[in-house]
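Each remark here refers to the structure printed beneath this line.
This one's a predicted model, so the numbers in the text were calculated from it and none came from an experiment. Note: hydrogens, waters and symmetry copies are ignored here, and every other heavy atom, side chains too, is used.
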Amino acid sequence: MSRIEELLEDILDEIVELEVYAKEGKRPPLAKAYRFKINDKAYVWNKPHITGRDVLVLAGLTPPENYTLRVKLVGHKPHKVGLDERIDLRHPGTEKFRAIRKEQTDGEVQGRRDAPLLDADTAFLEAYGHKFDIVKDGSTWVVLHDFPIPAGFNHQRVSLAIRIEQGYPMTQLDMLYVFPKLARIDGREIPQTQVEQPIEGKVFQRWSRHRSGANQWVPGVDCLETHVFLIEEIFEQEAAR
């Protein structure tokens, strides 16, 4: 759309929900303001464009230089956003933002380290903000504690386990495991979650979820970080089903 056409558009005197338009595959209209989520908390911005720096300041994540920001577009992997990069909030599919600290936090995420991880994976986990353990029980497992679950389930937080497959990072990470077991509060069955996985005396529920042909694992791009972001989406999709 040209600048002239944009100026001639009617401006809606309301707040547009980006997530709604993204999931419907529609381009958001010009509007009084735009509501979107940053780390799952909703914020409002009164312009159709925003910089990465503005996103972080809006969320109170300062100084912005201490954070890595990603924008999520429906159907695509989260894309890193530079502090001075200009983001078009009306771009079709623009859904939400995720920010994590670059530096280590002050020890609250420290836990067991029974096996080594890639330095980049350890840095991500420490920045992600949840206490985590790396345990050996047949396989190497990363266990993230107090992992938030969307509304609609019988638990709001779980321990999330991810199996580090042999050959990783060339070999893809697959599926996810939760303790305690999750169920929908509406009583509907969650498909492909009947298999149990014992990990250090606890029985985890396996969610058999796999990448599609359009979202194949790409060595050098995909890693523990992108797998955790994919898991966030899996829970959100199930909650909305």
More than 12 heavy atoms from other groups under 6.0 Å of CD on Q166: no

P191 and R241, any side-chain heavy atoms less than 4.5 Å apart: yes

Partner of R35 by salt bridge (Lys or Arg N to Asp or Glu O under 4.0 Å), out of E17, E19, E95: E17

F132-H130 aromatic ring centre distance below 6.0 Å: no

Electrostatic pair R53:D84 at N-O distance under 4.0 angstrom: yes

Side-chain donor or acceptor of R157 paired with backbone N/O of I149 under 3.5 Å: no

Minimum heavy-atom distance between V44 and A33, given as atom pair plus value: CG1-CB, 3.5 Å

Qualifying residue for side chain to side chain donor-acceptor pair (under 3.5 Å) with Y177, from R163, R206, E196: R163

Audit row: K202, Q197, side-chain contact (heavy atoms from CB on, under 4.5 Å) steps and yes/no: CA-CA 8 Å; K202 294 181 178 179; Q197 174 67 52; over 6 Å; no

Y43 vs F36, ring pair (Phe, Tyr, Trp, His ring centres under 6.0 Å): CA-CA, chis, key distance, verdict: CA-CA 6 Å; Y43 296 87; F36 49 84; 7.4 Å; no

Verdict with reasoning, K23 to E236, per salt bridge (Lys or Arg N to Asp or Glu O under 4.0 Å): CA-CA 12 Å; K23 290 181 177 178; E236 290 174 3; 5.4 Å; no

Heavy-atom neighbours of Q156 CD exceed 12 at 6.0 Å: no

Atom CZ of R86 with >12 non-hydrogen neighbours under 6.0 angstrom: no

Main-chain N/O of V135 paired with E200 side-chain donor or acceptor, under 3.5 Å: no

K131 vs H145 side-chain heavy atoms within contact, under 4.5 Å: yes

Y34 to I15 - nearest heavy-atom pair and separation: C-CG2, 4.2 Å

Hydrophobic cluster identity match, L173 and W141, side-chain contacts under 4.5 Å: no

Side chain E85, main chain G82, donor-acceptor under 3.5 Å: yes

Ionic contact status for D186 with R184, cut-off 4.0 Å: yes

Q194-E189 side chain donor-acceptor pair, cut-off 3.5 Å: yes

Closest non-hydrogen atom pair, F153 against A239: CE1-CB, 3.8 Å

Electrostatic pair R211:D222 at N-O distance under 4.0 angstrom: yes

Main-chain N/O of P148 paired with H155 side-chain donor or acceptor, under 3.5 Å: no

Side-chain donor/acceptor of D133 to backbone N/O of R112, under 3.5 Å: yes

Main-chain N/O of F229 paired with R98 side-chain donor or acceptor, under 3.5 Å: no

Short side-chain to backbone donor-acceptor contact, N154 and A183, under 3.5 Å: yes

Partner of V81 by side chain to side chain contact (heavy atoms under 4.5 Å, CB included), out of I50, T68, V55, I87: I87

P28 to H91 - nearest heavy-atom pair and separation: CD-O, 4.4 Å

Parallel, tilted or perpendicular, as decided by the 30° and 60° cut-offs, for the rings of F235 and F147: tilted

Under 3.5 Å: donor-acceptor pair, side chain of Y168, backbone of L224: yes

Any donor-acceptor pair under 3.5 Å from W217 side chain to P169 backbone: yes

Enclosure of D119 CG (heavy-atom neighbours >12, cutoff 6.0 Å): no

Main-chain N/O of A99 paired with N39 side-chain donor or acceptor, under 3.5 Å: yes

Trace of the side-chain contact (heavy atoms from CB on, under 4.5 Å) decision for R27 with R90: CA-CA 6 Å; R27 174 179 169 84; R90 298 186 62 210; 3.4 Å; yes

hydrophobic_cluster_shared for L144 and L117, side chain cutoff 4.5 Å: yes

Smallest separation among heavy atoms of I100 and F124, with atom names: CD1-CD1, 3.8 Å

